[in-house]
A.B. asks: 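Could you have a look at this structure, given as structure tokens, before my questions?
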Amino acid sequence: MVSKTSSPLRHLDNMAKVMLATGLIVAYGYSWNSSCRPTAATSFDVFLVQQRLHGPYAPFYYALILCNILLPQLLWSFKMRHNVAVLFIMSIVVNIGMWLERFVIVVISLTRDFVLPPGAVIAPRFGLATFIGTMGMFVTLIFLFVRVLPAISIAEMRELVAETTEDEK
């Protein structure tokens, strides 16, 4: 007898809920980004929001909003969450939306020349701290991994297997 927790429909329902939650997180991020940038001190941030909303690539931005935020809201419906075809199409739509997001980020940034003036000094404050923190986290996790799951020599394991097989004979 198959338990209720391992049902394929329950699995699809949970995956649809994850997709819905992710869409809501993306919506929160987009709304936060759009509401904070116009109040920023730099004109670049204001210009970036203007370009996304009204620039030459605005249709791509609105398409990514449709794919990443609006269409996943259909998953609030129980019937939509349990329809395999709808979930498959929704996963393709969300993947297209994620591709559009990368496209909008890269292309809008590259269409304008934001190069620093000659002689400008770039101070790697936050980037350097992030890099050092990442390296520290990596080393910490490696040490924890080695402590919890130590390395086992293959040669020693072969000797152990050979000894145990000889003892069993």
A.B. asks: Does Tyr62 have any ring pair (Phe, Tyr, Trp, His ring centres under 6.0 Å) partners at least two apart in sequence or in another chain, and if so, which?
C.D. replies: none
A.B. asks: Heavy-atom distance under 4.5 Å between the side chains of Leu87 and Leu75, does that happen here?
C.D. replies: yes
A.B. asks: Do Val84 and Val94 sit in one hydrophobic cluster, given that two such residues count as connected whenever their side-chain heavy atoms are within less than 4.5 Å of each other, even indirectly?
C.D. replies: yes
A.B. asks: Please table the atom pairs, donor to acceptor, closer than 3.5 Å between any side-chain atom in residues 134-146 and protein atoms at least two apart or in another chain.
C.D. replies:
| from | atom 1 | to | atom 2 | distance (Å) |
| --- | --- | --- | --- | --- |
| Thr134 | OG1 | Thr130 | O | 2.7 |
| Thr140 | OG1 | Gly136 | O | 2.8 |

A.B. asks: Counting only N and O atoms by type, is there a donor-acceptor contact under 3.5 Å from the side chain of Ser31 to the main-chain atoms of Tyr28?
C.D. replies: yes
A.B. asks: Only counting residues at least two apart or in another chain, list the ones meeting side-chain hydrogen bond (donor to acceptor under 3.5 Å, both in side chains) with Asp13.
C.D. replies: Lys17, Arg81
A.B. asks: Hey, quick one: are Leu24 and Met15 part of the same hydrophobic cluster, counting side-chain heavy atoms closer than 4.5 Å, chains of contacts allowed?
C.D. replies: no
A.B. asks: Membership question, hydrophobic clusters at under 4.5 Å side-chain separation (ILVMFWY): are Ile89 and Leu66 in the same one?
C.D. replies: yes
A.B. asks: So does Ser91 get a backbone contact from the side chain of Asn95, meaning a donor-acceptor N/O pair under 3.5 Å?
C.D. replies: yes
A.B. asks: Flag the pair Cys67 / Met98 as yes when at least one side-chain heavy-atom distance between them is below 4.5 Å, and no otherwise.
C.D. replies: no
A.B. asks: Could you check Trp99 against Leu64 for side chain to side chain contact (heavy atoms under 4.5 Å, CB included), going step by step and ending with a plain yes or no?
C.D. replies: CA-CA 8 Å; Trp99 181 86; Leu64 83 88; over 6 Å; no
A.B. asks: Is it true that Ile92 and Leu70 fall in one hydrophobic cluster, defined by side-chain heavy atoms closer than 4.5 Å?
C.D. replies: yes
A.B. asks: Mind checking side-chain contact (heavy atoms from CB on, under 4.5 Å) for Ile105 and listing every partner two or more places apart, or none if nothing turns up?
C.D. replies: Arg52, Glu101
A.B. asks: What pairs of residues pass the ring pair (Phe, Tyr, Trp, His ring centres under 6.0 Å) test when at least one of them lies in residues 72-98, not counting sequence neighbours?
C.D. replies: Phe78-His82
A.B. asks: Test of understanding: with side-chain contact (heavy atoms from CB on, under 4.5 Å), list the residues that count as partners of Tyr57, not counting sequence neighbours.
C.D. replies: Phe60, Phe103, Val107, Ile108, Thr111
A.B. asks: Could you pull out the closest heavy-atom pair between Ala63 and Leu100, with the gap in Å?
C.D. replies: CB-CD1, 3.7 Å
